[in-house]
S.K.: 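Got a structure here, written out as structure tokens. Questions coming.
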Amino acid sequence: MISVIKHRDLKKVKAVLFDFDGTLSTLRCGWEKVMRELMLELLGSGLEKEIDKYIDESTGIQTVHQMAWLRNKILEKSSSALGVWEYKDEYNKRLIKSIEHRTNDLKNGADPQSYMLTGTAEFLESLKKLNVKLYLASGTDHCDMSKEAELLGLSHCFDLILGAPEREASCSKEAVMRRLIEKESLCPSELAVIGDGKVEIALAVEYGAYPLGVASDELAREGINPAKRSRLINAGAAAVIGDFKELDEILGVLGIC
Ligand SMILES: [Mg+2]
């Protein structure tokens, strides 16, 4: 079900910037648990609530920033720590291991629908048919996200795919948004940003794009996750969906038909 939080005059959307994990793909469902375990292991017990709060708030930013937070916390307790990229490598190694069974499943011919929100492929194909430009940007490493989008059979839908650049802390979501608005002269009101993290929703609000929140339940792959819904509304989402089943309604909210 789509809930419209703020009605506003919207020009017909000509371009959509998508987040990937938790918005389209559920391949990395459970990343929070992997990060929580790593943080607890390195910081010791007693910080569970603080860690959970931080992970919740930081959803959608580059992993390296989350690891910088971890490193600062380690330095509050100890005089030495590894570099942020070393923590990121360790987290990434653990995460890739924890989702390997899913990527292997796809490589062995499993139906990609099993690892996407319901209606994802149909929604993207419809937007393509309607000549909407589609961009994919993520805080996940570029090469990993590209591989995962390919495994899900979604790569061909996008005009540009941009994940986190290797060993750089720049924000790919903001980079794409700036490029579209400043270099390609796209009017912000013709751009929609669709994501499950408050980072991309806040960026959309800042740039004047249309913020459509995806309060996804990544296990069920459809329906609403109430905690995510509140987080997205607080970040400024103009409307919230849980999946892409109600195609016509979503296109209507985007002013496309
Ligand atoms: Mg996400």
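These values consider heavy atoms only, across backbone and side chains, with no hydrogens, waters or symmetry-generated copies. Both counts, for ligands and for their atoms, begin at 1 and track the order of listing.
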S.K.: In the shown structure, where waters are left out, how many protein N, O or S atoms lie under 2.8 Å from the Mg ion (ligand 1)?
M.R.: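 Step by step: take the Mg ion (ligand 1), keep protein N, O, S below 2.8 Å, and you get 3.
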
S.K.: Is a donor on one side and an acceptor on the other found under 3.5 Å between the side chain of R28 and the backbone of D21?
M.R.: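 No, R28 side chain to D21 backbone: no donor-acceptor pair under 3.5 Å.
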
S.K.: Considering residues at least two apart in sequence or located in another chain, which fulfil the ring pair (Phe, Tyr, Trp, His ring centres under 6.0 Å) criterion with F244?
M.R.: F123

S.K.: Sequence neighbours excluded, which residues qualify as salt bridge (charged side-chain N to carboxylate O under 4.0 Å, His left out) partners of K97?
M.R.: E100

S.K.: State whether D217 and K228 are salt-bridged, where the test is any N-O pair (Lys NZ or Arg NE/NH1/NH2 against Asp/Glu carboxylate O) under 4.0 Å.
M.R.: no

S.K.: Return the set of residues passing ring pair (Phe, Tyr, Trp, His ring centres under 6.0 Å) with W31 (not counting sequence neighbours), or none when no residue passes.
M.R.: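 None.
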
S.K.: Cut-off 3.5 Å, side chains only: do E174 and Y207 have a donor facing an acceptor?
M.R.: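 Per modelled atom types, E174 and Y207 side chains form a pair under 3.5 Å.
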
